[in-house]
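Scope of the values below: all heavy atoms of this structure, side chains included, with no hydrogens, waters or symmetry mates.
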Amino acid sequence: MTEFTGILLFDGDCPFCSAAATAMRQLPDVGAVQWDDPAAQAFLEAQFDEAPFALFFVDGEAETVWAGEAAASELCERAGMPVLIQDVVGDNYETVADAIRTVSGLEREPDPYHGEYPLADEAAARFDELAAQGRQTHAPRETDS
């Protein structure tokens with residue numbers, strides 16, 4: 001069994017997505033896996049019958065997958081960011097992502113996946129494999145063991 005109950009699936013080449021992974025530092029039970037990792041690809045195939053290119057947050061205990069702007073909002077909420085920041089990130093997800101892609105020279109467009117999805121049984125069966133590939137995003141404190 002893994003130590004992570006939540007996993008962020010993100011594009012490691014995208015500064016916005018990488019920043020989202022970094023923002024999760026205060027959450028010891030959340031790990032991050034790059035979108036192109038084989039375990040991430042297998043999980044997405046099991047969940048969506050394809051591997052959509054987008055930001056995803058998966059919570060194995062809540063049996064939920066958040067995608068796109070919903071994933072960004074959920075991450076902000078869990079990270080304890082003020083509601084104003086949560087709203088700005090959620091409401092402006094596409095605009096911010098487009099601007100960062102343009103500035104960064106990234107050509108790949110994210111697939112239009114947004115919202116909250118129940119965790120499919122086949123994907124749930126792959127969660128531990130996915131979480132095993134997660135890397136820690138939080139900086140351990142002296143009280144963490």
Side-chain angles (χ1 to χ4, degrees), residues 2-124 126-141 144:
T2 179
E3 65 186 270
F4 298 125
T5 59
I7 293 291
L8 172 67
L9 300 176
F10 72 105
D11 175 12
D13 294 328
C14 170
F16 177 66
C17 297
S18 295
T22 302
M24 302 308 297
R25 288 182 186 223
Q26 63 269 37
L27 301 174
D29 60 342
V30 174
V33 177
Q34 289 193 26
W35 176 86
D36 58 357
D37 184 282
Q41 293 290 295
F43 175 85
L44 291 169
E45 286 279 345
Q47 177 68 32
F48 297 107
D49 294 326
E50 62 178 338
F53 184 68
L55 181 69
F56 292 97
F57 179 67
V58 183
D59 185 320
E61 290 181 349
E63 299 179 349
T64 303
V65 178
W66 290 269
E69 61 192 39
S73 292
E74 182 67 19
L75 292 171
C76 287
E77 182 178 335
R78 289 184 184 220
M81 294 183 176
V83 173
L84 175 63
I85 301 299
Q86 294 175 37
D87 291 346
V88 167
V89 169
D91 294 346
N92 297 294
Y93 172 83
E94 290 290 334
T95 304
V96 172
D98 286 346
I100 290 173
R101 253 191 331 278
T102 299
V103 169
S104 303
L106 299 174
E107 295 180 15
R108 184 157 191 187
E109 294 282 327
D111 293 318
Y113 279 75
H114 300 284
E116 189 174 315
Y117 301 84
L119 185 61
D121 290 343
E122 193 175 326
R126 294 188 168 275
F127 182 81
D128 285 344
E129 177 187 340
L130 176 67
Q133 297 305 311
R135 64 178 169 79
Q136 195 167 39
T137 60
H138 89 291
R141 299 177 299 242
D144 291 344

NZ/NE/NH1/NH2 to OD/OE distance under 4.0 Å, Glu122 and Arg126: no
Under a 4.5 Å cut-off applied to non-hydrogen side-chain atoms, are [X] and [Y] in contact?
X: Leu9; Y: Trp35; answer: no
X: Phe43; Y: Val33; answer: no
X: Ile7; Y: Phe127; answer: yes
X: Glu61; Y: Asp29; answer: no

Measuring from atom CG of Asp128 to atom CZ of Phe4, what distance do you get when rounded to the nearest 0.5 angstrom?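 Separation between the atoms: 12.5 Å.
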Starting at CZ of Phe57, measure out to CD of Glu74 and round the result to the nearest 0.5 Å.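 Nearest 0.5 Å value for the CZ-CD distance: 6.0 Å.
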Do Asp111 side-chain atoms and Phe53 backbone N/O form a donor-acceptor pair below 3.5 Å? yes
Phe48-Tyr117 aromatic ring centre distance below 6.0 Å: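 Ring-ring flag for Phe48/Tyr117: true, centres closer than 6.0 Å.
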Which atom pair, heavy atoms only, marks the closest approach of [X] to [Y]?
X: Ala39; Y: Gln133; value: CB-CG, 3.6 Å
X: Phe56; Y: Ala67; value: CE2-CB, 3.5 Å
X: Ala123; Y: Gln47; value: CB-OE1, 3.3 Å
X: Phe10; Y: Leu55; value: CB-CD1, 3.9 Å
X: Glu69; Y: His114; value: N-ND1, 3.0 Å
X: Gln41; Y: Ala51; value: OE1-CB, 3.3 Å

Please evaluate residues Arg135 and Asp37 with respect to the criterion salt bridge (Lys or Arg N to Asp or Glu O under 4.0 Å), reporting the C-alpha separation (whole Å), side-chain torsions for both, the decisive distance (0.1 Å), and the verdict. CA-CA 12 Å; Arg135 64 178 169 79; Asp37 184 282; over 6 Å; no
My understanding is that only residues two or more places apart in sequence, or in another chain, count here; which of them pass side chain to side chain donor-acceptor pair (under 3.5 Å) with Glu50? Tyr113
